Amino acid sequence: MNTSLKDKVCVVTGAASGIGKRIAEVYAAAGARVAIADLKIEAAEATAQEIRTAGGEALAVAMDVTQEQEVIDGIAKVVAQWKKVDVLVSNAGIQIINKITDFAFDDWKKMLAIHCDGAFLTARECMRDMERRKAGGAIIMMGSVHSHEASPLKAPYVTAKHGLLGLARVIAKEGGKLGIRSNVICPGFVRTPLVDKQIPEQAKELGISEEEVIKNVMLKETVDGEFTTVDDVANVALFLAAFETNALTGQSIIVSHGWHIN
Ligand code: NAD
């Protein structure tokens with residue numbers, strides 16, 4: 001199978017850290033020109049510089065994915081620089097945990113805005129470019145095992161991640177004739193800043209130790225007690241970006257050490 005992204009222009013949101021950063025690095029190593037779109041512009045610049053130092057092509061783009069004009073301007077900046085967008089990885093995300101009865105409405109709205117508004121706005125702008133050029137492309141959403149499973153304390157996250165399955169399926173249906181494929185990657189727990197922050201928070205909420213959160217909450221249902229890695233997720237993102245036909249569209253791929261088996 002072809003895993004080269006030579007001459008492809010890829011936009012990865014939330015690429016200044018964690019999973020998105022590794023996807024950007026793997027894409028660049030596969031020959032892509034990669035836009036590092038992130039709220040944190042200094043960290044995005046640093047990631048872009050690391051990729052350039054390693055011999056790749058990268059551009060940092062300041063973008064809050066919840067802000068329509070920032071998304072429009074950010075994607076326009078990529079198109080101005082490289083003439084097109086071939087691949088979007090809508091990956092930017094945060095986690096806020098709480099019991100439903102303690103959840104602030106503002107926190108609920110913030111979560112849905114980042115995960116769902118962000119995915120919609122970035123997909124829309126990239127699809128507009130793909131439609132204009134009639135060249136097709138790949139739209140990849142960063143879902144989660146929580147696109148398929150529920151856990152306590154995560155009402156907006158689980159709701160948003162389930163929602164991304166629906167959005168990707170509609171993109172697959174609307175994009176088919178244009179050669180635009182859309183799929184969702186659903187990772188298990190990956191040790192990134194998003195998860196490291198959550199371990200003490202869950203320990204406090206559940207009244208257990210941090211070790212118990214890792215062993216009995218996060219990794220309990222896996223086949224081997226192992227965390228998923230950023231490389232595991234980035235390799236699936238490479239496979240989906242490089243896959244060339246509509247045969248693989250509207251799907252979700254779960255990468256979770258067997259935590260969730262469909
Ligand atoms: P991370 O905290 O390491 O990185 C998230 C990045 O998103 C950061 O660089 C942050 O600045 C950026 N970001 C946050 N809000 C933004 C906004 N409004 N606009 C633009 N950028 C924004 O987190 P991560 O673990 O790498 O998570 C990346 C994605 O993977 C998220 O969608 C998350 O839900 C998903 N995910 C993570 C795990 C996990 O265990 N880490 C598991 C499944 C899914």
Side-chain angles (χ1 to χ4, degrees), residues 10-15 17-24 26-27 37-38 65-66 87-97 108 110-124 126-127 137-175 180-195 198 218-219 221-222 227-241 243 248-262:
C10 305
V11 175
V12 185
T13 70
S17 173
I19 293 170
K21 180 175 180 182
R22 189 65 193 136
I23 291 172
V26 167
Y27 279 9
D38 206 288
V65 296
T66 68
V87 177
L88 165 70
V89 184
S90 171
N91 164 81
I94 60 165
Q95 181 61 282
I96 302 174
I97 61 165
W108 166 270
K110 188 174 178 188
M111 287 292 287
L112 292 195
I114 292 172
H115 293 276
C116 292
D117 297 4
F120 164 71
L121 290 170
T122 52
R124 187 187 70 180
C126 293
M127 287 175 75
I139 308 280
I140 299 165
M141 304 280 167
M142 194 54 65
S144 162
V145 162
H146 287 110
S147 299
H148 296 275
E149 285 256 358
S151 292
L153 309 177
K154 296 188 174 175
Y157 190 79
V158 170
T159 303
K161 293 298 191 187
H162 274 64
L164 294 180
L165 295 178
L167 178 60
R169 288 168 183 161
V170 175
I171 294 170
K173 294 270 185 188
E174 289 189 11
I180 300 172
R181 307 172 306 283
S182 182
N183 293 289
V184 185
I185 304 175
C186 298
F189 282 99
V190 183
R191 284 305 286 264
T192 65
L194 182 142
V195 162
Q198 214 186 116
M218 295 184 163
L219 304 179
E221 302 297 335
T222 62
F227 277 100
T228 301
T229 67
V230 290
D231 280 314
D232 294 328
V233 182
N235 287 334
V236 175
L238 175 61
F239 167 73
L240 288 173
F243 200 91
L248 182 51
T249 195
Q251 305 302 310
S252 69
I253 300 184
I254 302 166
V255 195
S256 70
H257 284 257
W259 165 14
H260 184 92
I261 298 178
N262 255 349

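Everything numeric here is computed off the predicted structure, so don't read it as measured data.
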To the nearest 0.5 Å, what is the distance between OG1 (T66) and CE (M111)? 13.0 Å

Do the side chains of V65 and L121 get nearer than 4.5 Å, heavy atoms only? no

What is the distance from atom CG of N262 to atom CD of Q251, rounded to the nearest 0.5 Å? 10.5 Å

Contact summary for S256 and P187, nearest pair of heavy atoms: CB-C, 4.5 Å

So, the side chain of S147 versus the backbone of L165: is there a donor-acceptor pair under 3.5 Å, distance only? no

Could I get the full list of ring pair (Phe, Tyr, Trp, His ring centres under 6.0 Å) partners for Y157, not counting sequence neighbours? H115, H146

Roughly how far apart are I23 CD1 and I185 CD1, rounded to 0.5 Å? 5.5 Å

Does the side chain to side chain contact (heavy atoms under 4.5 Å, CB included) test come out yes or no for M127 and I139, once each step is laid out? CA-CA 8 Å; M127 287 175 75; I139 308 280; 3.9 Å; yes

Which atom pair, heavy atoms only, marks the closest approach of T13 to A92? OG1-N, 2.9 Å

Residue list, ring pair (Phe, Tyr, Trp, His ring centres under 6.0 Å) with F227, at least two apart or on another chain: none

Quick one: pull up CG in N91 and CG in D38 and give me the separation to the nearest 0.5 Å. 9.0 Å

Are the side chains of M218 and Q198 in touch, meaning some heavy atoms are under 4.5 Å apart? yes

Please confirm whether the backbone N or O of H148 pairs with a side-chain atom of K161, one donor and one acceptor, at under 3.5 Å? no

With rounding to the nearest 0.5 Å, note down the distance linking OG1 in T122 to CG in D117. 10.5 Å

For side chain to side chain contact (heavy atoms under 4.5 Å, CB included), just list the numbers for I140 and V87, CA-CA rounded to whole Å, side-chain angles, deciding distance to a tenth of an Å, and then say yes or no. CA-CA 8 Å; I140 299 165; V87 177; 4.3 Å; yes

Closest approach of Y27 to A237 (non-hydrogen atoms, all atoms of both residues): OH-O, 2.7 Å

Do V195 and V190 have side chains that get closer than 4.5 Å, going by heavy atoms? no

In Å, rounded to the nearest 0.5 Å, how long is the span from OG of S252 to NE2 of H260? 8.0 Å

Non-hydrogen atoms of C186 and S144 that approach each other most closely: CB-O, 3.3 Å

Between H257 and L219, does a side chain to side chain contact (heavy atoms under 4.5 Å, CB included) hold up when you go through it step by step? CA-CA 9 Å; H257 284 257; L219 304 179; over 6 Å; no

For N235, enumerate each residue passing the side-chain hydrogen bond (donor to acceptor under 3.5 Å, both in side chains) test, keeping only those at least two apart in sequence or located in another chain. none

So which heavy atom on I114 is nearest to which on G93, and how close? CG2-CA, 3.8 Å

Please confirm whether the backbone N or O of G258 pairs with a side-chain atom of T222, one donor and one acceptor, at under 3.5 Å? no

Quick one: does T249's side chain have a donor or acceptor within less than 3.5 Å of a partner on S182's backbone? yes

Looking only at heavy atoms, which two atoms of A119 and M141 are closest? And how far apart? CB-SD, 3.6 Å

Please evaluate residues L167 and C116 with respect to the criterion side chain to side chain contact (heavy atoms under 4.5 Å, CB included), reporting the C-alpha separation (whole Å), side-chain torsions for both, the decisive distance (0.1 Å), and the verdict. CA-CA 9 Å; L167 178 60; C116 292; over 6 Å; no

Taking C-beta and beyond as the side chain, do K21 and T192 meet within less than 4.5 Å on heavy atoms? no

Is a donor on one side and an acceptor on the other found under 3.5 Å between the side chain of N183 and the backbone of I253? no

